[in-house]
Structure formats: C-alpha cells, structure tokens
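Chain A is the first sequence line, chain B the second, and so forth, proteins listed ahead of strands; every chain is numbered from 1.
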Amino acid sequence: MTTQKTPKLLFGLDSFGDIPRDNDGKLMTHAAAIRQVVVEAVLADKLGIDVIALGEHHRSDFSISSPETVLAGIATKTKNIKLASGVTVLSSDDPVRVFERFSTLDALSNGRAQVILGRGSFTESFPLFGYNLQDYELLFEEKVALFAEILKEKPVTWQGTTRAALDRADIFPKTESGNIHTSVGVGGSPQSVVRAAKYGFPLMLAVIGGSPDRFVPYVELYHRAAAEAGTNSDEIGIHSPGFIADTDKEAQDTFWPSHKINFDRIGHSRGWPPLQRQHFDEEVDFGSLYVGSPETVAKKMAKTIKTLGVNRFDLVYGGGPMPASARLHMIELYGTKVIPRIRELFSEQS
Amino acid sequence: VNNPKPVIGILGAGKLGTVLAQLFIKAGYQVYIAGSGDASKIALSVKVITPGALAVTVDVAIAQAHIVILALFDDTRPVGANDRKVIAIAGDNTSDNQLVSKLIDDLGFDPIIIGELSAGKFLEPGSSMFGASVTDKEVHNLLPLARSN
C-alpha cells in the first residue's frame, strides 16, 4: 500500500456580513458592518488563519452583496490570508465580469484571490439582475463552462444561450500566476459534485445542518468522478457554521439568541416554523453547529475533517445580530487555540 | 411473490431525490431514479450516493413505477419509538391514503392523515405545520393552531 502525501490542513473563516451589535447593543449600519468584516479579516491575517471567504446576499439582514469589493479593501491591509468569495452566485452574474473583478483582486493582493462558484441557496439575486429562476440549472451549467475557458487566460470563443457570444475575446487584467484558484461550492446536489470533478475544480461542501457523515458518499463520488474525468481531486473543503467562546456555556448562551433570530428571519420568508432550542442543542451535540469552548470545537472539527477526509475547514462566524466584541474574541480563540489544537490532534495520530 | 412492495419512481436526482431514494432503498423498496435527460448523466452519482437504485430516464420511471414526491428529512426512527417524527397526509381516497401511510411507516416516520386533500393547505409554507420536525403528540397540538390561522 502506498502512502499518499496528505495536503496541509487549511482553516478559513466565512461571513456574509451579518449585522453585528456595537458596544451599546445597537445594531450597526450596513456600512459599519462591512468595515467590521475588514477589521476581523485583518485580525485573522495577524493570527495566521489561512482564508477568509465572503459570500453574497441581497437582503437587509446581510451587509455584503459585493464580496470582492470588501475583499479588495482587505487585500491592501493584509499580507498572507487568502481572499475568497463564498460563494459567487455565478448563475446570476457574468463570467467575464467575475473574472475581471477577481483578477483585479488578485493584483491588489499579490495573488491571494480565490473564487468559490455556486448556484446559490437564496433566490434574491435572480429577479434583481434580470434572470429567470427557471433557468437555474442551465445558467450555472453554461456559465461554469465559460468561466473554465476564461480561466485559461487566453482569447475565448464561446457561444451559448445565457449571454452574448464571444469571438476571440481577450479579457484583462491577466494574473501574474496565470491561475485564479477556483472551487465549486455544493450543498447536496450530486450533479454539482460531478460537475466540479469534471472541470478539476476543488470541492467545497456546504454542510449547514444535520450530521456531516451524510456527506461521506459525496466525497467518494467526487474522487470517482475525477478519476473518470482524469482530473485532480486533492482539494476538498467543508463550510459549516459555529461559534467559539471561553466555555461551552458561554458559547451556547451567546450564540443561541443570535442564531435563532438569523434562522427565523430566513425561515419566515421560506415558511419554516421558528427554531426550537431542542433542535439547536441537537445540532450542537450531533449536527453541524460547531459551538463551544476551543477544546469542544477543535475536537468536533477534527472529527468531521477525519470522517470526511477533507483538507480545508471554513467556519462560518457571526450568524445573526451578535455583539461585535464576541465575534472578535471568537476569531482570536479560533486562531490561537482551536486551529493549533486541531493540528496537534492530527499530529498525535500520525 | 408474497407481499410485493410497490416500485418507487423518483423524478429528480438532486438533493431531495437523493435523500428519498436512500430512504426507500433502506426500507427495502425497488427504486427508479431519473434526472433530466439521459440516464448515463446520473449513473455514477446513483451508483455511489444511492447504491441499489436504478438510474433511468423520466419515461422509464413513470412507466415502471408509482411516483412519489415528498419533502423529507432523514431523521427516521423504528416503529414505536417515542421520538418518531410524523409525516402528515391529506387525501380524499381512503385506499390511496392507506398506501401512502404504509410507505411513510416503512421509511421510519409516523403517518397521520390530517383530512381530505383540501386540508393539504395546512402543510404549505406559512403554516406552523410546514417543515415542522415534530412527533405524533406535537402534531395534535399544532393542527388546531394551523386551522385557526
């Protein structure tokens, strides 16, 4: 049996720019919430956290609708941290413009830009940008194909039904590395896994509820589909929400009310019933909420990383109207305690 | 063949169809699953994610099977467990209701018939019943609430 070299574990922080509370308990403005994310990213960079990923929403409870603009702000104030979208809803965007924006971000950050492409689990962007939700599947299929061509950074000739044709179109700025790191975010559709493998894009699994074990077959599918397509399948990540405080109790007490507001607000527009504490506790104990002391969260994350065989974990932080100070403290604990502890747990095993 | 189970056809090989197929296979049903277009498109996914199911075209799934479309979560329990979750049924035909009840019971949920088809509105978005992850007892508390709204 040959031993494969395991890629280094990477740890990220993900945000949608939820609106935090200031020191007086007042909700920040959208503008202040965006500036807060920049402050948090600067801290994450100082602590050596590998990635910050910002996702787009187009609704009042989230401040970030244009992740790469916020990332550009972060780019000039940080040194090492990778700057990712999480996700870029490619279906309701233009692949040419997406490349232009991220290659610009790549320039400003000295090659730290990353794109995570997705179909989006919210639908607001479709009517907003003039797309028909009925074309959900086709829009993504065509645009991923076009984006994969554009990524080669050579003149592109392309024809489809979802945007104007391109005839030897050369797109600028070019990157210095010749490559923007591009992944596909998947929420549970097997075909999206197969599609990521087909293009050789790294896979990011969004696991926002239930037991992470359910995604083991998706990892297997990704490896097998990549083998069939002759592409590489070394990079697989997971994105799940969590919160860290000094003790388990403090973490749960701080996160629960904020998470409930967040969940119920989204639930209201989708017809879900209000979140019950019992369901929250089940998610914390057995599901996909990584909430607790540094030791609790580290052990739970390590278990998931091992079970799924992934090499990147992006922890979604700050869900709901949480105190800004609690978010900062969480990032500090993540960088100084949780990540080192997970690395320690893995080195003990090998 | 004694007591043959009905063959299940699932249209849609996405997130929902996949969970459904897994549950039906676990419960011992024969499952046909179809995505859009050619069956070869979903062959590998079906083999890895829902082993035991047969990847077919929509035509074949419809021709070979009953069709069931339900929104489910994968939180099953054996018969008699006191935290067993409910799937509610609204239907006009008694024998159809019984058939669907049996399916739901086999999957690992308690079937509760809440009324005729018109009562289905209590299970739609906006009702306290929609998407509710609840047990038998809790349904009986929620139902009057849903009716009064």
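Of all the heavy atoms in Ser45(B) and Pro190(A), the pair that sits closest is CB-CB, 3.6 Å. Pairing each heavy atom of Leu44(B) with each of Arg224(A), the nearest pair is CD2-C, 4.1 Å. Heavy-atom minimum distance, Leu221(A) versus Val48(B): N-CG1, 3.6 Å.
Using a 4.5 Å cut-off between heavy atoms, Gln276(A) does not touch chain B at all.
Counting non-hydrogen atoms of neighbouring residues, nucleotides and ligands closer than 6.0 angstrom, the NE2 atom of His268(A) reaches no more than 12 such neighbours. Counting non-hydrogen atoms of other residues, nucleotides and ligands closer than 6.0 Å to CZ of Phe129(A) gives a total above 12. Ile25(B) CD1: more than 12 foreign heavy atoms inside a 6.0 Å radius. Within a 6.0 Å sphere centred on CD of Gln159(A), heavy atoms belonging to other residues, nucleotides or ligands number 12 at most.
Listed options Gly187(A), Gly267(A), Ser211(A) were ranked by heavy-atom pairs under 4.5 angstrom with chain B; first place goes to Gly187(A).
At distances below 3.5 Å, at least one donor-acceptor pair connects side-chain atoms of Gln191(A) with backbone N or O atoms of Lys41(B).
Here Thr18(B) contributes atom OG1 and Tyr218(A) contributes atom OH; the two are 4.5 Å apart, rounded to the nearest 0.5 Å.
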